[in-house]
Engineer: 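Got a structure here, written out as structure tokens. Questions coming.
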Amino acid sequence: MAISLRTVHTAYLDPAELRAARALLDEAFGGDYDDEEWEHGLGGLHVLVSDDRGLAAHGSVVMRRARYRKHWLRVGYVEGVGVRPDVRRQGFGGRVMAEIERIVEGAYDFGALSASDQGIALYRARGWQLWSGRLCALGPHGEVRLRGEEDCTFVRPAAAGPLDPKHKLVFDWRDGDVL
């Protein structure tokens, strides 16, 4: 079986490739992947793993900003990591994450993601750490606490070094689920 990995910006994916990635994520999440989640993963780099049957796995990393202490940091935010059901547990998710981690470590102050229950084991095994501090977003009316995200947001140190959870992370605002 021939397996290929491709990293490409959203701007260089043609409409058929975008439809294939969206269809894969719909299938990987059992139909529980909405338009806002899809939108959050656009505008950055996509990691695509293909096999003889076509697209087998996908993930993307987009730039976000988060205030930590008194500084705004560049965050490589991971979105849309999914593997086609027939090839799960064969290393495709690990291939996607290895490339995403390379990107995060080379271009961002730290990485972050909001994990599904199914993804937690993969992220923990790869060294991502559950953020134990407060999470907030800077909304249209000021800072908003994101209690619902505090039990599923993982971080990965990069250029900024380790982050101390005694200090909160305040993410930039976006439509839909902020994180």
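The structure displayed is predicted, hence computed values, not measured ones.
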Engineer: Quick one: are Leu169 and Val155 in side-chain contact, heavy atoms under 4.5 Å?
Structural biologist: yes

Engineer: Please report the interatomic distance CG(Asp109) to CG(Leu163), rounded to the nearest 0.5 Å.
Structural biologist: 9.0 Å

Engineer: For the backbone of Arg64 and the side chain of Asp172, can you confirm whether one donor and one acceptor N or O come within less than 3.5 Å of each other?
Structural biologist: no

Engineer: Output yes when a side-chain donor or acceptor of Glu150 lies under 3.5 Å from a complementary backbone atom of Leu135, and no otherwise.
Structural biologist: yes

Engineer: Can you find a pair of side-chain heavy atoms, one from Leu24 and one from Phe29, that are under 4.5 Å apart?
Structural biologist: no

Engineer: Quick one: CZ on Phe171 to CD on Glu143, what's the gap to the nearest 0.5 Å?
Structural biologist: 12.5 Å

Engineer: So if you build clusters from Ile, Leu, Val, Met, Phe, Trp, Tyr with side-chain heavy-atom gaps below 4.5 Å, do Leu25 and Val78 land together?
Structural biologist: no

Engineer: Measure the spacing between CH2 of Trp128 and CD1 of Ile100 and express it to the nearest 0.5 Å.
Structural biologist: 7.5 Å

Engineer: Please check: side-chain N/O of Glu149 versus main-chain N/O of Leu146, any donor-acceptor pairing under 3.5 Å?
Structural biologist: no

Engineer: Give, for atom CD1 of Ile120 and atom CG of Leu130, the distance between the pair rounded to the nearest 0.5 Å.
Structural biologist: 7.5 Å

Engineer: In terms of side-chain geometry, is the basic nitrogen of Asp51 or Arg53 positioned less than 4.0 Å from the acidic oxygen of its partner?
Structural biologist: no

Engineer: Just how far is it from atom CG of Leu48 to atom NE2 of His58, taken to the nearest 0.5 Å?
Structural biologist: 5.5 Å

Engineer: Identify, with sequence neighbours excluded, every residue that meets ring-ring contact (aromatic ring centres under 6.0 Å, His included) alongside His167.
Structural biologist: Tyr68

Engineer: At their closest point, which heavy atom of Gly41 faces which heavy atom of Glu79, and how far apart are they?
Structural biologist: CA-CB, 3.7 Å

Engineer: Should Val8 and Ile103 be counted in the same cluster of Ile, Leu, Val, Met, Phe, Trp and Tyr side chains packed under 4.5 Å apart?
Structural biologist: no

Engineer: Is Tyr108 reachable from Leu45 through a run of I, L, V, M, F, W or Y residues, each pair having side-chain heavy atoms under 4.5 Å apart?
Structural biologist: yes

Engineer: Mind listing the closest non-hydrogen atom pair of Trp72 and Arg65 along with its distance?
Structural biologist: CE3-CB, 3.8 Å

Engineer: Of the non-hydrogen atoms in Leu55 and Arg84, which two are nearest, and what is the gap between them?
Structural biologist: O-NH1, 3.0 Å

Engineer: Nearest heavy-atom pair of Val81 and Tyr123: which atoms, and what distance?
Structural biologist: CB-OH, 3.5 Å

Engineer: For Phe110 and Pro157, which heavy atoms make the closest approach, and how far apart are they?
Structural biologist: CB-CA, 4.3 Å

Engineer: From Asp164 CG over to Arg69 CZ, what is the distance, rounded to the nearest 0.5 angstrom?
Structural biologist: 7.0 Å

Engineer: Does Val61 belong to the same Ile/Leu/Val/Met/Phe/Trp/Tyr cluster as Leu5, with side-chain heavy atoms less than 4.5 Å apart forming each link?
Structural biologist: yes

Engineer: Among pairs that include at least one residue of residues 17-31, which meet salt bridge (charged side-chain N to carboxylate O under 4.0 Å, His left out), considering only residues two or more places apart or in two chains?
Structural biologist: Arg6-Glu17, Arg22-Asp26, Arg22-Asp35

Engineer: So Ser114 and Tyr77, do their side chains get closer than 4.5 Å, heavy atoms only?
Structural biologist: yes

Engineer: Compute the ring centroids of His46 and His9, then answer whether they are less than 6.0 Å apart.
Structural biologist: no

Engineer: Could you go through the salt bridge (charged side-chain N to carboxylate O under 4.0 Å, His left out) check for Glu105 and Arg156 one step at a time?
Structural biologist: CA-CA 9 Å; Glu105 290 165 4; Arg156 182 178 188 92; 2.9 Å; yes

Engineer: Is Arg174 paired with Glu39 through a side-chain N to carboxylate O contact shorter than 4.0 Å?
Structural biologist: no

Engineer: Any salt bridge (charged side-chain N to carboxylate O under 4.0 Å, His left out) involving residues 115-136? Give me the pairs, sequence neighbours left out, ordered by first then second residue.
Structural biologist: Glu101-Arg126

Engineer: With the side chain counted from C-beta on, respond yes when Phe92 and Val83 share a heavy-atom pair under 4.5 Å apart, and no when they do not.
Structural biologist: yes

Engineer: Are any side-chain N or O atoms of Thr153 and backbone N or O atoms of Trp131, one a donor and one an acceptor, separated by less than 3.5 Å?
Structural biologist: no

